[in-house]
Amino acid sequence: MKRIKIKELLKSGKAGESVVAKGWVRTKRGSKNVFFIALNDGSTINNLQVVVDVNNFEDALLREINTGAALSVSGKLVESAGSGQNIELVADQVELLGAADPEKYPIQPKKHSMEFLRENAHLRFRTNTFSAVFRIRHAMAFAIHKYFNEKGFNYLHTPIITASDAEGAGQMFRVTTLDAKNPPLTEDGAVDFSQDFFGKPTNLTVSGQLEGELGALALGEIYTFGPTFRAENSNTTRHLAEFWMIEPEMAFYDLKDNMDLAEEFLKYLIKYALENCMDDLQFLAKRLQEEEKDKPQDQRSMDLIEKLNFVLNNDFIRLTYTEAIDILKNSPYYKKKKFQFPVEWGIDLQSEHERYLVEKHFKCPVILTNYPKDIKAFYMKQNDDGKTVGAMDVLFPQIGEIIGGSQREENLEKLETRMREMHIPVEEMDWYLDTRRFGSVVHSGFGLGFERFILFVTGMGNIRDVIPFARTPKNAEF
RNA sequence: UCUCUAGUAGCUCAGUCGGUUAGAGCGGCGGACUGUUAAUCCGUAGGUCGUAGGUUCAAGUCCUACCUGGAGAGCCA
């Protein structure tokens, strides 16, 4: 008999059918004559209830049916006598595929702390919460490719190892095969990277954008979706040393086109989650609600599914940096001196300012545009005012900056001048500048932090819990 | 990196002003129970109190350093 996945059994299994199900024991409840096993195979958040007549099975076998053990069960589907499920499997045969010693198996049928499960990241997939999160993560990765494919974008594989460090997005991880203890030295005592694997210093990528622009100015629209590395000593709930980023780059798109794309893209993904991951979302929503019970009324956040629908059904607020500064300066928060950091035109907005705009003032996702040029990267489009650049940041409640992007400066001279001002090694970037020398056009792009987006969709609180194996300062387990 | 905070049983935690033999629930194990829903009930085992120093007649409790976790900030996606 062929194994049928539990998702399928629960959806279209009929009473009377003989089936085989395989999975892992979530809980076992017993009495003198009958056992109930909650069996889960990862295909769905929901368990299959297996009913075992104790008298038909060896005691030794029944003893091995513990939380975490893997079973193959064949039997007949019946309408459930108990409430809580429509259908259940009455076991004719139970085969123990893999035992799990109950004295040693760490995952118990009880609530565990996120910290404990993080330390047991190799087993946390077996919990309801994490199986839901990682099914949703998969669905979102798939939907990203689906969206761009439908829009005619090309998936461009930009390099993981790069010799360029001009993007300035953060500290980089050095990639080398040199002996760390005895590296070859040049005459003046510096490490001689000409003898390294690539013949020059190389690092893990912090962004595929610059290479992405090369693709966009030939293929029209491209996107990247791959791992990105930042060696920043950041210890927060929204930073990882290794994370996944989606970076679309589009020829002939100006800043408004760029914003339109970002908004449509995010809404497409949210819609996909609501249409395809409802079971998991409902589980996570319920979990969140229980967590929120302890909080005072005014600190509780919106129900997860309500929140997703809200973002889906409302236009993002678009305003310029200058307008945002005005709002902040006229806010009751500012007047009561509740902001810790100063608010002045020219400063970079602090978390508290972004949160005020998104969570208190607009209560809606916000797209901020046209930042002062001095706080943004060299490649951004210089506006006619001489003070600002065509940047855009999408800010989400709780998470903050989820997307950072801009229209790119397409004018060679302006770009070169700005690079010199910011001490970017122009000579090493010749390959990049060729895009502006030959057939340069208006173009734009942005970067979406995949894990930050997953945080938003799942309602999870810590970015380490939405990536299978988190890489953070002092932690590279598994 | 900075600020705050925590580390006690497998897990989640309590442990009062420094005082005698270290506490609970869950989980495990043994048993009971005719259909359970993280079942219930009875019993039982389980501890180098993060590590190293120090103060004290006496330290889980106070002090210092370090390690690790968490929250927030900075940096950013």
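These numbers come from a predicted model, not from an experiment. In the text below, chain A, chain B and the rest are named by the order of the sequence lines, each starting its count at 1.
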Do A/Phe341 and A/Leu349 have side chains that approach each other closer than 4.5 Å (heavy atoms only, starting at C-beta)?
no
From the list B/rG74, B/rU36, B/rG28, which nucleotide is the closest neighbour of the side chain of A/Gln85?
B/rU36
Charged N-O contact under 4.0 Å between A/Glu352 and A/Arg355:
no
Under 4.0 Å, heavy atoms only, any strand: does A/Pro109 hit a base, just the sugar-phosphate, or nothing?
base
In A/Phe243, A/Phe450, A/Tyr155, A/Phe453, the residue satisfying ring-ring contact (aromatic ring centres under 6.0 Å, His included) with A/Phe225 is A/Phe450
Here's a test of your reading of the structure: between A/Thr236 and A/Gly447, which maps to the more 5' nucleotide of RNA chain B?
A/Thr236
Options B/rA77, B/rA39, B/rU34, nucleotide nearest the side-chain atoms of A/Asn33:
B/rU34
Under 4.0 Å: is that the gap between some side-chain N or O of A/Ser234 and OP1 or OP2 of B/rC75?
no
Any base atoms under 4.0 Å from A/Leu240, or only sugar-phosphate, or nothing? Heavy atoms, all strands.
base
Please report the distance separating the P of B/rA73 from the corresponding atom of B/rG53, rounded so that it comes out in whole Å.
38 Å
Could you state the atom-to-atom distance from CZ of A/Phe116 to P of B/rC26 in whole Å?
18 Å
When the nearest nucleotide of RNA chain B is assigned to A/Glu79 and to A/Phe341 on a heavy-atom basis, which residue is associated with the more 5' position?
A/Glu79
Can you tell whether the side chains of A/Arg118 and A/Asp465 come within less than 4.0 Å, N to carboxylate O?
yes
Whole angstrom is fine here: how far is it from CD1 in A/Ile375 over to C1' in B/rG74?
15 Å
Describe the nucleic acid contact of A/Phe243 in one word from base, sugar-phosphate, nothing, applying a heavy-atom distance below 4.0 Å.
base
Considering just the side-chain nitrogens and oxygens of A/Ser113, establish if one lies under 4.0 Å of OP1 or OP2 belonging to B/rU12.
yes
So which atom in A/Pro248 and which in A/Phe153 form the shortest heavy-atom distance, rounded to 0.1 Å?
CB-CE2, 4.0 Å
Minimum-distance pair of heavy atoms, taken over all atoms of A/Asp92 and A/Phe57
O-CZ, 3.5 Å
Please determine whether a side-chain nitrogen or oxygen atom of A/Arg29 lies at a distance below 4.0 Å from atom OP1 or OP2 of B/rU36.
no
Would you kindly check whether a donor in the side chain of A/Gln108 faces an acceptor in the base of B/rG10, or vice versa, at under 3.5 angstrom?
yes
When the distance from CG of A/Asp101 to C1' of B/rC29 is rounded to whole Å, what number comes out?
11 Å
Flag if over 12 foreign heavy atoms under 6.0 Å of CD, A/Glu421
yes
Roughly, in whole Å, what's the span from OH in A/Tyr223 to P in B/rA77?
21 Å
Please determine if a side-chain N or O atom of A/Lys110 lies less than 4.0 Å away from the OP1 or OP2 oxygen of B/rC11.
no
Could you tell me whether B/rC17 is syn or anti, where syn means a glycosidic angle within 90 degrees of zero?
syn
What stems involve RNA chain B, if each pair must be Watson-Crick or G-U and both of its distances must be under 3.5 Å, with 3 or more such pairs in a row?
B:1-7 with B:67-73, B:10-13 with B:23-26, B:28-32 with B:40-44, B:50-54 with B:62-66
For the pair made of CG in A/Asn128 and P in B/rU37, what is the distance, rounded to whole Å?
17 Å
If you compare every side-chain N and O of A/Arg63 against the phosphate oxygens of B/rG30 (OP1, OP2), does one of them come in below 4.0 Å?
yes
Sugar-phosphate only, base, or nothing, as touched by A/Gln350 at under 4.0 Å among non-hydrogen atoms
sugar-phosphate
Taking the P atom of each, how far is B/rC11 from B/rC76, in whole Å?
39 Å
Integer angstrom distance from the P of B/rU51 to that of B/rG25
26 Å
Whole angstrom value for the distance that separates P of B/rA71 from CD1 of A/Ile463:
12 Å
I want to check one thing: is the phosphate of B/rG69, taken as OP1 and OP2, less than 4.0 Å away from some side-chain N or O of A/Arg464?
no
Work out how far the C1' atom of B/rG46 is from that of B/rA52, and round it to whole angstrom.
27 Å
Taking donor-acceptor contacts at under 3.5 Å, does the side chain of A/Asn47 reach the base of B/rU37?
no
OP1 or OP2 of B/rU1 under 4.0 Å from side-chain N/O of A/Asn233
yes
For the CD atom on A/Gln93, are there more than 12 heavy atoms of other groups (residues, nucleotides or ligands in this structure) within a distance under 6.0 Å?
no
Is there a side-chain contact between A/Lys338 and A/Tyr356, using heavy atoms and a 4.5 Å cut-off?
no
A/His239, nearest nucleotide to its side chain (from B/rC76, B/rC29, B/rG35)
B/rC76
Rounded to the nearest angstrom, tell me the gap between atom CZ in A/Phe225 and atom P in B/rA77.
17 Å
Given B/rG35, B/rU12, B/rG27, which nucleotide is nearest the side-chain atoms of A/Val51?
B/rG35
Here the distance between atom C1' of B/rG70 and atom CZ of A/Arg238, to the nearest Å, is 15 Å
Determine the contact category for A/His112: base if any of its heavy atoms lies under 4.0 Å from a base atom, sugar-phosphate if only primed atoms, P, OP1 or OP2 are that close, otherwise nothing.
sugar-phosphate
Distance in Å, A/Asn47 CG paired with A/Arg26 CZ, rounded so as to fall on 0.5 Å steps:
5.5 Å
Taking only Lys NZ, Arg NE, NH1 and NH2, and the carboxylate oxygens of Asp or Glu, determine whether A/Lys376 and A/Asp393 approach each other closer than 4.0 Å.
yes
Base, sugar-phosphate, or nothing for A/Glu88, non-hydrogen atoms under 4.0 angstrom?
base
Given B/rA71, is OP1 or OP2 found less than 4.0 Å from the side-chain N or O atoms of A/Asn462?
yes
From the options B/rG74, B/rU36, B/rA71, select the nucleotide whose nearest atom is closest to the side chain of A/Thr237.
B/rA71
So, is A/Ser207 close to the B/rA77 phosphate, meaning a side-chain N or O under 4.0 Å from OP1 or OP2?
no
Which nucleotide wins on minimum distance to the side chain of A/Lys474, given the candidates B/rA77, B/rA71, B/rU68?
B/rU68
